[in-house]
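Single-structure report; data block below.
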2 protein chains.
Amino acid sequence: MTKGNVAAPAPHRTPPEHVHPRDVPLETALAALSDPVRLALVRELAASDDWERTCGSFDVPVRKAALSHHFAVLRSAGLIEQRDAGAKRINRLRRAEFEERFPGLLALVLQQQAPGGGPE
Amino acid sequence: MTKGNVAAPAPHRTPPEHVHPRDVPLETALAALSDPVRLALVRELAASDDWERTCGSFDVPVRKAALSHHFAVLRSAGLIEQRDAGAKRINRLRRAEFEERFPGLLALVLQQQAPGGGPE
DNA sequence: CTAGTTGTTCGCCTCGCATCGAACAGTCTA
DNA sequence: TAGACTGTTCGATGCGAGGCGAACAACTAG
């Protein structure tokens, strides 16, 4: 209570806490990938080089608060790694590690698009 | 209003409505498999022969109402097929069809158990 | 220093999901 | 026919996930 009621949030330049895919339960990985926004993030990230995309550079229909949340979920699922670069935070898809823990899952997610993709 | 307020639910012996894996979005499949109860159902089912397991024969910690719901979810995700056999309803895992639609996913789910399974 | 950019955290709200008990509809067995 | 058994549906409940705006912190650019 040093400052009335104004909560003092932890400094956000704490290095992002990462979870290695090795320590991720299958349910967590599947849940992380079952959200359309996160799926879009992963796919866009997969189409870019490592450490090339900042968090704000993705084309998803949510505001930055929600976006930040989704990145945290992806981190907790061992899907991405983040690094601070100046004021920005850059991302990398953990292809190899995730593939080792969940063989084929990432590939499935990246190549699958929509059901019934062919003509009717 | 024939019987006061007692609603008359639709007869439940309507043959179960199935969804072919072909028509299932990836998100739906992943979401279906990201629940621990449903994961247990799928695994137990995979360890049995087709049409051998009734709905009530699974070892999961939920009551029958929730159980019925989970089976409906699995059906909607193209993961199982159900058939009426007398008073019981028997189940079958749609191995081949699901594998064709989501290659490797079922295998992943069936072989993966818990994270950090090895010694530290 | 001042102003703009980037991303996290907080508080709040709104849904959707999982769960349960109760009621019901079939089926099977005495 | 009565009763036991199986599974679905309804209605209510609790809880967590996802969304937003606002405030904040760190960095960059002038």
Side-chain angles (χ1 to χ4, degrees), chain A residues 1-18 27-28 30-41 45 51-58 60-77 80-91, chain B residues 2-18 27-28 30-41 51-58 60-77 80-91:
Chain A
M1 313 358 182
T2 54
K3 289 238 174 197
N5 261 354
V6 191
H12 89 291
R13 271 307 128 138
T14 295
E17 289 190 14
H18 289 108
E27 291 94 321
T28 302
L30 295 177
L33 291 170
S34 68
D35 180 274
V37 173
R38 289 192 291 265
L39 214 39
L41 293 177
L45 200 48
W51 311 123
E52 270 210 345
R53 305 294 300 266
T54 67
C55 291
S57 72
F58 291 82
V60 287
V62 293
R63 304 250 169 244
K64 55 181 184 173
L67 191 58
S68 185
H69 164 69
H70 283 303
F71 275 112
V73 172
L74 290 178
R75 241 182 304 142
S76 301
I80 66 167
E81 194 178 354
Q82 296 187 306
R83 173 192 300 174
D84 286 335
K88 310 190 177 182
R89 183 160 280 190
I90 52 181
N91 301 273
Chain B
T2 55
K3 290 241 175 193
N5 260 354
V6 191
H12 88 289
R13 272 304 127 137
T14 295
E17 288 190 14
H18 289 109
E27 293 93 322
T28 301
L30 296 177
L33 291 170
S34 68
D35 178 274
V37 172
R38 288 193 291 265
L39 213 41
L41 292 177
W51 311 122
E52 271 210 346
R53 303 297 299 268
T54 67
C55 291
S57 73
F58 291 82
V60 287
V62 293
R63 303 251 171 245
K64 55 181 184 172
L67 191 56
S68 185
H69 164 68
H70 284 303
F71 275 111
V73 172
L74 290 178
R75 240 176 10 223
S76 301
I80 66 169
E81 195 178 352
Q82 296 186 307
R83 172 192 301 175
D84 286 335
K88 310 191 174 180
R89 183 160 278 188
I90 51 180
N91 301 273

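Convention: sequence-line order gives letters A, B, ...; per-chain numbering from 1.
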Could you go through the side chain to side chain contact (heavy atoms under 4.5 Å, CB included) check for B/Cys55 and B/Lys64 one step at a time?
CA-CA 9 Å; B/Cys55 291; B/Lys64 55 181 184 172; over 6 Å; no
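- Atom CZ of B/Arg53 and atom P of D/dG7 are 11 Å apart (whole Å).
- Atom P of nucleotide C/dT27 and atom CZ of B/Arg89 are separated by 11 Å, given to the nearest angstrom.
- The side chain of B/Ala87 has C/dG26 as its nearest neighbour among D/dC20, C/dG26, C/dT8.
- For the pair B/Glu17 CD and D/dT8 P, the interatomic distance rounds to 13 Å; values are reported in whole Å.
- Taking every side-chain heavy atom of A/Arg38 into account, D/dG18 is the closest of D/dG18, D/dC20, D/dT8.
- The phosphate of C/dT9 (OP1 or OP2) has no side-chain N or O of A/His69 nearer than 4.0 angstrom.
- In this structure, the nucleotide among D/dG18, D/dG7, C/dT8 sitting nearest to the side chain of A/Asp35 is D/dG18.
- Side-chain N/O atoms of B/Arg63 include none lying less than 4.0 angstrom from OP1 or OP2 on D/dG7.
- Distance CZ (B/Arg83) to P (C/dT27): 16 Å, rounded to an integer number of Å.
- Nearer to the 5' terminus of DNA chain D, by closest-nucleotide assignment, is the contact made by B/Ala65 (compared with the other of A/Ala31 and B/Ala65).
- Regarding A/Leu67, its CG atom lies at a distance of 15 Å from the C1' atom of D/dG21, rounded to whole Å.
- One distance of note links CZ of B/Arg38 with CD1 of B/Ile80; it measures 11.0 Å at 0.5 Å rounding.
- Among the heavy atoms of the strands lying under 4.0 Å from B/Val37 are primed sugar atoms or P, OP1, OP2 only; no base atom is included.
- Taking atom CD1 of A/Ile90 as the reference point, atom C1' of C/dT6 lies 13 Å away to the nearest angstrom.
- Taking only side-chain nitrogens and oxygens, A/His70 comes nearer than 4.0 Å to OP1 or OP2 of D/dG19.
- Spacing between atom NZ of B/Lys64 and atom C1' of D/dT9 amounts to 11 Å, rounded to whole angstrom units.
- The side chain of A/Val62 sits closest to D/dG19 out of C/dG7, D/dG7, D/dG19.
- The shortest heavy-atom contact between A/Val60 and A/Ala40 is CG1-CB, 4.0 Å.
- For the residue pair B/Gln82 and B/Pro16, the shortest heavy atom distance occurs at O-CG, 3.7 Å.
- Between the CZ atom of B/Phe71 and the P atom of D/dG7 there is a distance of 8 Å, given to the nearest Å.
- Of all non-hydrogen atoms in A/Glu81 and A/Trp51, the two that sit nearest each other are O-CZ3, 3.6 Å.
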